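On a predicted model such as this, the values are computed, not experimentally measured, just so you know.
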Amino acid sequence: ADVWRYFKNYELPDYERGFEDERGTWVQLAYLATHLQFVPTGYGRHYCYMKDAPHLYHFYRNNFFVAYRRGGHDLVAEFIDMLATYGCTPKNDIQVRHGVRYVLSMYKEAGHSFVKHRERWEDRVLNDYSRIHKPWTGIASVMLQGCFEPELPGSYGHAFRQTLKVVLDDDDGHEEEQ
């Protein structure tokens with residue numbers, strides 16, 4: 001509960017609002033945003049509710065196309081995954097549709113391989129992490145979306161919902177002064 005409480009309102013400045021720097025800092029912040037959402041969704045196994053962290057949803061929406069320019073294939077793929085946890089699909093959401101097309105175009109241009117795709121800043125030879133991460137994010141972003149596990153007692157989703165109740169109760173004025 002303490003970790004989610006800390007990050008629930010963590011400031012994620014939009015790139016377009018003047019958050020200029022070298023590629024690394026904003027991209028790392030964007031990856032933090034996607035990895036934060038893996039917590040309530042169990043890496044996309046469970047639906048994400050807007051009330052869980054509206055600032056994360058707005059960050060993905062406001063920065064989706066920035067991810068193309070700054071983060072490339074991997075970051076766009078993770079943004080697609082995050083929007084999918086809210087129920088967005090290529091059929092009902094233009095950003096997800098554009099993102100899936102972008103990821104698939106990178107796959108096609110690289111000879112039908114996520115591993116062979118290179119961003120302008122990447123070395124010719126990938127490290128072990130990238131050889132795993134590129135196909136992982138690419139495949140995950142274009143898989144069947146909207147298939148969520150039920151949040152039954154004993155499931156990860158149910159456990160997180162129970163934890164979130166503690167955080168939300170604290171936000172209703174029961175939080176200790178620090």
Side-chain angles (χ1 to χ4, degrees), residues 7 10 12-48 50 52-53 55-150 156-157:
F7 281 115
Y10 191 82
L12 297 165
D14 290 339
Y15 184 83
E16 300 289 49
R17 293 191 189 148
F19 191 71
E20 298 283 341
D21 74 335
E22 294 299 317
R23 176 185 174 273
T25 302
W26 186 85
V27 170
Q28 295 309 313
L29 184 70
Y31 277 117
L32 173 63
T34 61
H35 287 71
L36 286 175
Q37 190 142 329
F38 288 146
V39 174
T41 66
Y43 190 74
R45 293 185 347 233
H46 301 284
Y47 189 82
C48 192
M50 182 67 77
D52 293 347
H55 70 298
L56 290 175
Y57 177 82
H58 294 295
F59 181 81
Y60 308 134
R61 286 294 189 197
N62 294 340
N63 294 284
F64 190 83
F65 292 106
V66 177
Y68 282 77
R69 296 190 310 269
R70 303 296 286 175
H73 156 269
D74 274 347
L75 192 56
V76 170
E78 288 196 15
F79 271 48
I80 293 167
D81 280 347
M82 299 308 102
L83 292 174
T85 64
Y86 291 101
C88 302
T89 70
K91 289 183 179 181
N92 69 15
D93 189 277
I94 195 163
Q95 286 183 321
V96 172
R97 184 169 42 254
H98 283 294
V100 167
R101 289 177 179 168
Y102 171 77
V103 170
L104 289 174
S105 73
M106 296 296 99
Y107 175 79
K108 183 179 178 185
E109 288 173 18
H112 296 93
S113 170
F114 287 118
V115 175
K116 292 179 184 175
H117 170 71
R118 295 294 181 280
E119 303 293 349
R120 65 186 177 280
W121 56 82
E122 288 181 311
D123 294 329
R124 191 175 66 78
V125 177
L126 291 179
N127 60 33
D128 291 342
Y129 177 82
S130 293
R131 281 196 297 257
I132 293 170
H133 200 258
K134 283 174 156 296
W136 178 9
T137 59
I139 291 167
S141 70
V142 299
M143 284 182 8
L144 181 62
Q145 298 163 351
C147 296
F148 302 109
E149 294 177 14
Y156 177 90

- Message: Could you walk me through whether I94 and F64 satisfy the side chain to side chain contact (heavy atoms under 4.5 Å, CB included) test, starting with their C-alpha distance in whole Å, then the side-chain angles of each, then the deciding distance to 0.1 Å, before giving a yes or no?
- Response: CA-CA 11 Å; I94 195 163; F64 190 83; over 6 Å; no

Relative to the ring of [Y], is the ring of [X] parallel (under 30°), tilted (30 to 60°) or perpendicular (over 60°)?
X    : Y    : answer
H133 : Y129 : parallel
Y47  : F148 : perpendicular
Y68  : F65  : parallel

- Task: Test side chain to side chain contact (heavy atoms under 4.5 Å, CB included) on V76 and V103 and set out the steps.
- Result: CA-CA 8 Å; V76 170; V103 170; 4.2 Å; yes

To the nearest 0.5 angstrom, please state how far the [atom1] atom of [X] sits from the [atom2] atom of [Y].
X    : Y    : atom1 : atom2 : result
Y102 : H98  : OH    : NE2   : 14.0 Å
K134 : M106 : NZ    : CE    : 10.0 Å
K108 : R101 : NZ    : CZ    : 13.0 Å
L83  : C48  : CG    : SG    : 10.5 Å

Shortest non-hydrogen separation from [X] to [Y] and the atoms involved:
X    : Y    : value
S141 : V100 : O-CG2, 3.7 Å
V115 : R131 : CG2-O, 3.8 Å
V96  : T89  : CG1-C, 3.6 Å
T41  : Y156 : C-CE2, 4.3 Å
L12  : A33  : CD1-CB, 3.9 Å
Y31  : E78  : CD2-OE1, 3.5 Å

- Query: Checking N92 side chain against G87 main chain: does a donor-acceptor pair fall under 3.5 Å?
  - Reply: yes

- Query: Any donor and acceptor pair, going by atom type alone, linking the side chain of E149 with main-chain N or O of G157 inside 3.5 Å?
  - Reply: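 Absent.
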
Taking side chain as C-beta onward, heavy atoms only, is [X] less than 4.5 Å from [Y]?
X    : Y    : value
D128 : I132 : no
D93  : Y86  : no
F38  : M82  : yes
H73  : S105 : no
F7   : L56  : no

Determine whether the aromatic ring centres of [X] and [Y] lie less than 6.0 Å apart.
X    : Y    : value
F114 : H117 : no
H112 : Y107 : yes
Y57  : Y60  : no

- Item | Under 3.5 Å side-chain donor-acceptor pair for T137 and D74 |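 Judged by distance alone, the side chains do pair up.
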
- Item | Qualifying residue for side chain to side chain donor-acceptor pair (under 3.5 Å) with T85, from Q37, H46, R45 | Q37

